[in-house]
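Structure, as structure tokens:
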Amino acid sequence: MKRIVIAIDGYSSCGKSTMAKDLAKEVGYVYVDSGAMYRSVTYFCQQKGWIVDGVVNEAELAKVINDLKIEFRVNPETGKSDTYLNGENVEREIRSLAVSNQVSIVSAIKFVREAMVAQQQAFSKDKGVVMDGRDIGTVVFPDAELKVFVTASAEIRAKRRYDELKAKGQEESFDAILENVKQRDYLDENRAESPLRKADDAVVLDNSNLTIEEQKKWLLDLFNERAK
Ligand code: DC
């Protein structure tokens with residue numbers, strides 16, 4: 001079997017990261033959550049007070065963007081990969097609705113995308129990587145051997161995010177989450193820099209009515225075919 005690069009793109013909260021993580025674990029590849037990187041930059045800006053009335057202080061952010069150290073480390077207690085920003089575990093903070101509500105404006109900034117894409121490309125030096133996001137198959141790894149574009153209805157995605165936050169004790173209103181999902185779909189698809197698009201050679205998966213086990217098998221079969 002050859003080592004390949006797998007790009008999983010799609011709408012927010014459609015289960016991309018679950019699929020990507022499961023596959024990476026199953027086949028012993030590195031998993032990279034590119035959304036967590038944009039979320040970390042957003043959280044950093046919020047901590048600094050650099051987002052005021054929906055406007056980011058780009059001058060200040062530009063000075064430090066290349067020094068932000070974003071890493072993924074496996075948490076021995078949960079067996080899951082946590083996101084670290086400048087050495088601090090920010091996994092919980094970056095999943096909050098406060099970050100979700102502002103991540104689209106930060107991820108639309110050109111120099112932020114350039115810095116993140118450079119870091120993302122460095123993860124694939126030795127191939128054997130599964131990365132999920134919005135522009136992985138189109139911009140980050142246009143030559144990826146396997147590209148998947150995932151979608152599901154907005155209501156189903158909002159319900160999944162609602163359940164996920166609730167399970168972590170972060171209860172939010174379903175309507176606020178649905179609004180956020182729709183808003184991010186619009187912003188992700190309509191931004192000037194690297195908008196969310198299906199790559200021409202991506203395989204589409206609508207997982208509205210699939211169980212996690214079913215989608216896991218679907219992806220593993222595809223992987224086995226492409227990595228042969
Ligand atoms: O996958 P996610 O919902 O955690 O991503 C958070 C946000 O980051 C999403 O609203 C859009 C942005 N994003 C992006 O612009 N490009 C990526 N490759 C990944 C995420």
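One-based numbering, in listed order, for ligands and for the atoms of each. Index from 1, following the sequence.
- Considering only heavy atoms from C-beta on, Phe111 comes within 4.5 Å of Glu58 through its side chain.
- Hydrophobic side-chain contacts under 4.5 Å tie Ile156 to no other Ile, Leu, Val, Met, Phe, Trp or Tyr residue.
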In a simple table, one pair per line, please give the protein and ligand 1 atom names for every N or O pair closer than 3.5 Å, along with the distance.
| residue | atom | partner | partner atom | Å |
| --- | --- | --- | --- | --- |
| ligand 1 | 1 (O) | Arg134 | NH1 | 3.0 |
| ligand 1 | 3 (O) | Arg39 | NH2 | 3.4 |
| ligand 1 | 3 (O) | Arg134 | NH2 | 3.1 |
| ligand 1 | 3 (O) | Arg184 | NH1 | 3.0 |
| ligand 1 | 4 (O) | Arg39 | NE | 2.7 |
| ligand 1 | 4 (O) | Arg39 | NH2 | 3.4 |
| ligand 1 | 10 (O) | Arg184 | NH1 | 2.9 |
| ligand 1 | 15 (O) | Arg113 | NH1 | 2.8 |
| ligand 1 | 15 (O) | Arg113 | NH2 | 3.4 |
| ligand 1 | 15 (O) | Arg191 | NH1 | 2.8 |
| ligand 1 | 15 (O) | Arg191 | NH2 | 3.0 |
| ligand 1 | 16 (N) | Arg113 | NH2 | 2.9 |
| ligand 1 | 18 (N) | Ser34 | OG | 3.0 |
| ligand 1 | 18 (N) | Arg134 | N | 3.1 |
| ligand 1 | 18 (N) | Asp135 | OD1 | 2.8 |

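- Applying the under-4.5 Å side-chain rule to Ile, Leu, Val, Met, Phe, Trp and Tyr, the cluster around Tyr29 extends to Met1, Ile4, Ile6, Ile8, Met19, Leu23, Val27, Val130, Leu146, Val148, Val150, Val203, Leu205, Leu210, Trp218, Leu219, Leu220, Leu222, Phe223.
- The number of heavy atoms from other shown groups lying within 6.0 Å of NZ (Lys110) does not exceed 12.
- Legend: residues meeting ring-ring contact (aromatic ring centres under 6.0 Å, His included) with Phe123, ordered by chain and number and at least two apart, are absent.
- Looking at Phe72 and Val32, their side chains come closer than 4.5 Å, going by heavy atoms from C-beta outward.
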